[in-house]
Amino acid sequence: MATVVDAGNQEAKGTDKKFTVVFVLGGPGSGKGTQCANIVRHFGYTHLSAGDLLRAEIKSGSENGTMIQNMIKEGKIVPSEVTVKLLQQAMHESGNDKFLIDGFPRNEENRAAFESVTEIVPEFVLFFDCSEEEMERRLLSRNQGREDDNIETIRKRFKVFMESSLPVIEYYNSKGKVRKIDAGKPVEEVFEAVKAVFTSSYDKVPA
Ligand SMILES: Nc1ncnc2c1ncn2[C@@H]1O[C@H](COP(=O)(O)OP(=O)(O)O)[C@@H](O)[C@H]1O
Ligand SMILES: Nc1ccn([C@@H]2O[C@H](COP(=O)(O)OP(=O)(O)O)[C@@H](O)[C@H]2O)c(=O)n1
Ligand SMILES: [Mg+2]
C-alpha cells in the first residue's frame, strides 16, 4: 500500500495540478455529504469524503486504524499525513479529474499539507453555513451508526470546527474563493443555491 502511495507522490509532484478540486466545508451535520451526492449526479464530479476515507481505513484493518478510530471518537483531527495520502490515492484511482473534497481541509495543517504535496489550488470552496442548533438536531437523527454522533462527541466536534476549521474558511475567503450557502433550509432549496454556484463557475471567472 505504501509503495503505491509513494509512487503517487513522486509522480504527482506537479502533475496533480491537472485535477480540478472543489473543497466542500461546513460544520458537522451541515449537509456536506447530502449535497455532494446531488452535485455528483448533476456535474460529474467524484465525491471524496475525508471522513468516509478515514472510516474505510479503520475497517480495512490498517496499522493506523486504532489511532484514527480514537481520534474520530474524540472529534479530533487526524494528522494530515494520513488524510492527504488517502485523498491522493483516491484521486489517482478514480479515473476522473474533477473532485469534490468533502470535510477537508479541516485545519491549517490539513490545508498546508495538501497544498504542498499536491500543488492543487481549489477552484472554489463551498461553505455550508448552518446554526449549531440545526446541525445538532440533524446529527442526533442521522442514524448511520456513527460512533461520533452522540451529544458528547458532537459538542467536541463543534468546538474543533469553530477553533480550527473556521480559520481555514476565513483564509480562503480572504482569497475570494468562498461560495457561502445558507444550509439551514430544506435539502432541495439548498441544492438550488448549490447549482447556481456550479453553473456560474462555468461561465465566469470568480470575482
Ligand atoms: N437541508 C437539510 N435539511 C434537513 N436535514 C438535512 C439537510 N441536509 C442533510 N440533512 C440530514 O442531516 C444529516 C446530516 O447530513 P450530512 O449530509 O451527513 O451532513 P455532513 O456531511 O455535513 O455531516 C443527515 O441525516 C441528512 O439526511
Ligand atoms: N479532514 C478530516 C476529516 C475528518 N476527520 C475525522 O473524521 C470525523 C468525521 O468527519 P466527517 O467529515 O465524516 O463528519 P461530518 O462533518 O460529515 O459529520 C471528524 O470529526 C474527524 O475526527 C479528520 O480527522 N480529518
Ligand atoms: Mg459527512
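In listed order, ligands and their atoms are each counted from 1.
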Compare [options] and give the one whose heavy atom is closest to [atom].
{"atom": "atom 2 (C) of ligand 1", "options": "R138, Q35, R137", "answer": "R138"}
{"atom": "atom 23 (C) of ligand 2", "options": "V82, I72, L54", "answer": "L54"}
{"atom": "atom 12 (O) of ligand 2", "options": "R106, M135, K73", "answer": "R106"}
{"atom": "atom 21 (O) of ligand 1", "options": "G33, G31, G26, P28", "answer": "G33"}

Exercise for the section: Give the atoms of ligand 1, by number and element, whose distance to some non-hydrogen atom of G27 is under 4.0 Å. Expected result: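 In order of number, 22 (O).
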
Practice task
Give the numbers and elements of all ligand 1 atoms closer than 4.0 Å to a heavy atom of V187.
Solution key: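 Those qualifying, in numeric order: 1 (N), 2 (C), 7 (C), 8 (N).
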
Problem - Option passing salt bridge (charged side-chain N to carboxylate O under 4.0 Å, His left out) with D149 (candidates R155, R138, R142) - result: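 That would be R142.
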
Exercise for the section: Please verify whether a non-hydrogen atom of K185 lies at under 4.0 Å from ligand 1. Expected result: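 A heavy atom of K185 does come that close to ligand 1.
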
Any chance you could measure [X], atom [atom1], to [Y], atom [atom2], to the nearest 0.5 Å?
{"X": "I181", "Y": "L25", "atom1": "CD1", "atom2": "CG", "result": "12.5 Å"}
{"X": "I39", "Y": "Y45", "atom1": "CD1", "atom2": "OH", "result": "8.5 Å"}
{"X": "L139", "Y": "F158", "atom1": "CG", "atom2": "CZ", "result": "5.5 Å"}

Indicate, as side chain, backbone, both or neither, the part of [X] found under 4.0 angstrom from ligand 2 when only non-hydrogen atoms are considered.
{"X": "R146", "value": "side chain"}
{"X": "V160", "value": "neither"}
{"X": "N110", "value": "side chain"}
{"X": "R142", "value": "side chain"}

Problem - Exercise: do D16 and Q88 side chains pair donor with acceptor under 3.5 Å - result: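 Q88 and D16 do have a side-chain donor-acceptor pair below 3.5 Å.
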
Exercise for the section: For the residue pair E109 and S80, confirm or rule out a side-chain donor-acceptor distance under 3.5 Å. Expected result: yes

Contact (N/O only, under 3.5 Å) between [X] and ligand 2:
{"X": "K32", "result": "yes"}
{"X": "R55", "result": "yes"}
{"X": "G103", "result": "yes"}

Exercise for the section: Check each heavy atom of S49 against ligand 1 and say whether those closer than 4.0 Å belong to the side chain, the backbone, both or neither. Expected result: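 It is neither part, as no heavy atom is under 4.0 Å.
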
Close N or O approach ([X], ligand 1; < 3.5 Å):
{"X": "V190", "value": "no"}
{"X": "E134", "value": "no"}
{"X": "S141", "value": "no"}

Completion exercise
Numbered in order shown, the ligand 2 atoms found under 4.0 Å of a heavy atom of I77 are 24 (O), 25 (N)

Practice task
Give the atoms of ligand 2, by number and element, whose distance to some non-hydrogen atom of G51 is under 4.0 Å.
Solution key: 10 (O), 11 (P), 13 (O)

Side chain [X], main chain [Y], donor-acceptor under 3.5 Å:
{"X": "T199", "Y": "A196", "answer": "no"}
{"X": "N173", "Y": "I169", "answer": "no"}
{"X": "Q35", "Y": "V187", "answer": "yes"}
{"X": "N38", "Y": "K195", "answer": "no"}
{"X": "R157", "Y": "D148", "answer": "yes"}

What protein heavy atom sits nearest [atom], and how far off is it?
{"atom": "atom 18 (O) of ligand 1", "result": "R142 NH1, 2.8 Å"}
{"atom": "atom 18 (O) of ligand 2", "result": "R157 NH2, 2.8 Å"}
{"atom": "atom 21 (C) of ligand 2", "result": "K76 O, 3.3 Å"}
{"atom": "atom 27 (O) of ligand 1", "result": "T34 OG1, 4.1 Å"}
{"atom": "atom 24 (O) of ligand 2", "result": "V78 N, 2.7 Å"}

Handout entry: Side-chain heavy-atom pair F114, P105 within 4.5 angstrom cut-off
Key =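 Contact flag for F114/P105 side chains = no.
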
Problem - Plane angle bin for F198 and F43 - parallel if under 30°, tilted between 30 and 60°, otherwise perpendicular - result: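 If you compare the ring of F43 with that of F198, the planes turn out parallel.
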
Fill in the blank from the handout: side-chain contact (heavy atoms from CB on, under 4.5 Å) with S165: of R106, E170, E108, R111, only one passes, and it is R106

Handout entry: Criterion salt bridge (charged side-chain N to carboxylate O under 4.0 Å, His left out) on K85 and E81, from CA distance to verdict
Key = CA-CA 6 Å; K85 271 185 188 171; E81 191 186 83; 5.1 Å; no

